[in-house]
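First up is the structure itself, then whatever we jot down about it.
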Amino acid sequence: MSQAKSKLFTPFRLGDIELKNRVVMAPLTRNRASRGTDAPNDLNVEYYRQRAGAGLIVTEGTQISQQGQGYVWTPGMYSDAQIAGWRKITDAVHADGGKIIAQLWHVGRVSHVSLQPGQGAPVAPSPLQAKTKTYIESGFTEVSAPRELALSEIPAIIGDFVKAAENAKAAGFDGVEIHGAHGYLIDQFLRDDSNKRTDAYGGSIENRVRFALEVVEAVAKVFGKGRVGIRISPVSPANDARDSDPQALFTHLVTRLNDTGIAFIHVVEGATRDARDYLPFDYKALRQAFKGAYIANNSFNRDLAIETIENGDADAVAFGRLFIANPDLVERLEAGAPLNEPDVATFYGGDAKGYTDYPFLTEKAA
Ligand code: 8OZ
C-alpha cells in the first residue's frame, strides 16, 4: 500500500524563510567554542554541516555580549573572530541546502562572576539569586548573586541585542531567534517571581512584557520581521523560572507580538527535557492567539511530531536530543529507521566524541 508523505516532511514558509521540511533542529548548548575567544571553530562547522538536512537549524544559545554569558565555552556573537567563525558555519549549511538562524541569548542572573566583565555580579531585573547551577571551568557551581539593572542600563542591553543581530546578518544567517525561555534575562523580566521592579519594566503583565517587546522590535528592524522569532517556555521550571499566571502572561505576550509581525514563536511545551504535561497549560489557545507560525518543542518522537503537524497543532516541530545523536534525523524519521541513542556524558564540553561522530544511516562517500 502506498502511503502519502507525512506533512512533517513537506516544505513550509516560515515568515520569509523557505524551509524544505518542518523538522527543526532545536537550539542546543554544547560548550565547544574556541577557548579564549568563544568563537565557533572548524569542529563546530562540521557539526552543523552534518545537520543541514533539517528544515531549519536554530543555533545553540549565542551570547550577545560578555555580560550575557552564563556558561563556559558557549559561542558569542559580539566579536570579529566570532562573526568569522559563524560565517564558516552558515556557508557550510547553505552549501548543503540548509537554513540556519542564530539564537541570541542573554542569561541575566544565570551566570557566575568568573564569566562576567571585570568579575562583576551578573545582572537581573531584581537582585534575587536563582536556585540553579551553571558550569565554569572547574565544573558545576551555584550561580552568583545578581545586581539589579538600573533603568538607565536597559537601552544598552537592547543595543547589544541589535549589535548581535547585525553581526548575525553579517555572518550570513537566515534570521534570528530571541531566547525568551528557560529563566534567562528576557524570561526573568516576564515573570512575577523574578521581576519585582516598580518602574515601567515591572509590576503589571503589561510592564513585564515591555523588555521582551522592545528587544523583538529592535531586532526585527535589523533583520526584517519575517526573519525573527522568539522562544518561550511558559511553564518550564528551568533555571528557577516561576510565575503566578503563565497562561495570562504568555497570552498577553503573544497578542502583543502580533503587532510586531514577527515570523514565529518557538514553544517549549511542559518542563524542558522533561514531562510535557508538567503543569496544565493551553498551548492550542496560545497557538490561536498568535498570528505567525508555531514551532513546537520538547520530548517529541516521530509519531507525536507527525500527528501534531497533521492535526495542525504546530507548523513545525523542533527536536533537540534526537538531533544530537542523529545528524541525518530527517532522513531517519522519514524512513522510519532506527535512531542512535544520545550520550548524555558528552552533551556539554569536550571534543568530537559525542559531537561529530554519531553515525549516519548511510555513510556519506568521502
Ligand atoms: C543546557 C545547558 C546550558 C544552557 C537553555 C541555553 O536551557 C540553555 C542551556 C541548556 O536554553
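Every number for a ligand or one of its atoms is a count from 1 in the order of the listing.
In this structure, R30 has no heavy atom closer than 4.0 Å to ligand 1.
Of all protein heavy atoms, the one lying nearest to atom 2 (C) of ligand 1 is Y135 OH, 3.4 Å. Counting protein heavy atoms only, atom 10 (C) of ligand 1 is closest to R273 NH1, 3.8 Å. Of all protein heavy atoms, the one closest to atom 6 (C) of ligand 1 is T29 OG1, 3.2 Å. Distance from atom 1 (C) of ligand 1 to its nearest protein heavy atom, with residue and atom name: Y348 OH, 3.4 Å. If you check which protein heavy atom lies closest to atom 8 (C) of ligand 1, you get Y184 OH, 3.3 Å.
At a cut-off of 3.5 Å, with distance as the only test, a side-chain donor of Y135 or N31 sits close to an acceptor on the other residue. Under the 3.5 Å distance criterion, with hydrogens and angles disregarded, a donor-acceptor pair is assigned to the side chains of S299 and R321.
Considering backbone and side-chain N/O atoms, H182 comes within less than 3.5 Å of an N/O atom of ligand 1. Checked by distance only, ligand 1 and R231 stay at 3.5 Å or farther apart across all their nitrogen or oxygen atoms.
With hydrophobic clusters built from ILVMFWY side chains whose heavy atoms lie under 4.5 angstrom apart, L213 shares a cluster with F250. Linking ILVMFWY side-chain heavy atoms closer than 4.5 Å, directly or via other members, places L322 and V58 in two distinct hydrophobic clusters.
A salt bridge links E142 and K133; the closest N-O separation between the charged side-chain nitrogens and carboxylate oxygens is under 4.0 Å. Taking the charged nitrogens against the carboxylate oxygens, R32 and D351 have no contact shorter than 4.0 Å, which rules out a salt bridge. At a threshold of 4.0 Å, the pair D259-R256 counts as salt-bridged, since one of the basic side-chain nitrogens sits closer than that to a carboxylate oxygen.
Atoms of ligand 1 lying under 4.0 Å from any heavy atom of W105, numbered from 1 in the order shown and given with element: 6 (C).
Only side-chain heavy atoms of H179 come within less than 4.0 Å of ligand 1; its backbone N, CA, C and O stay farther off.
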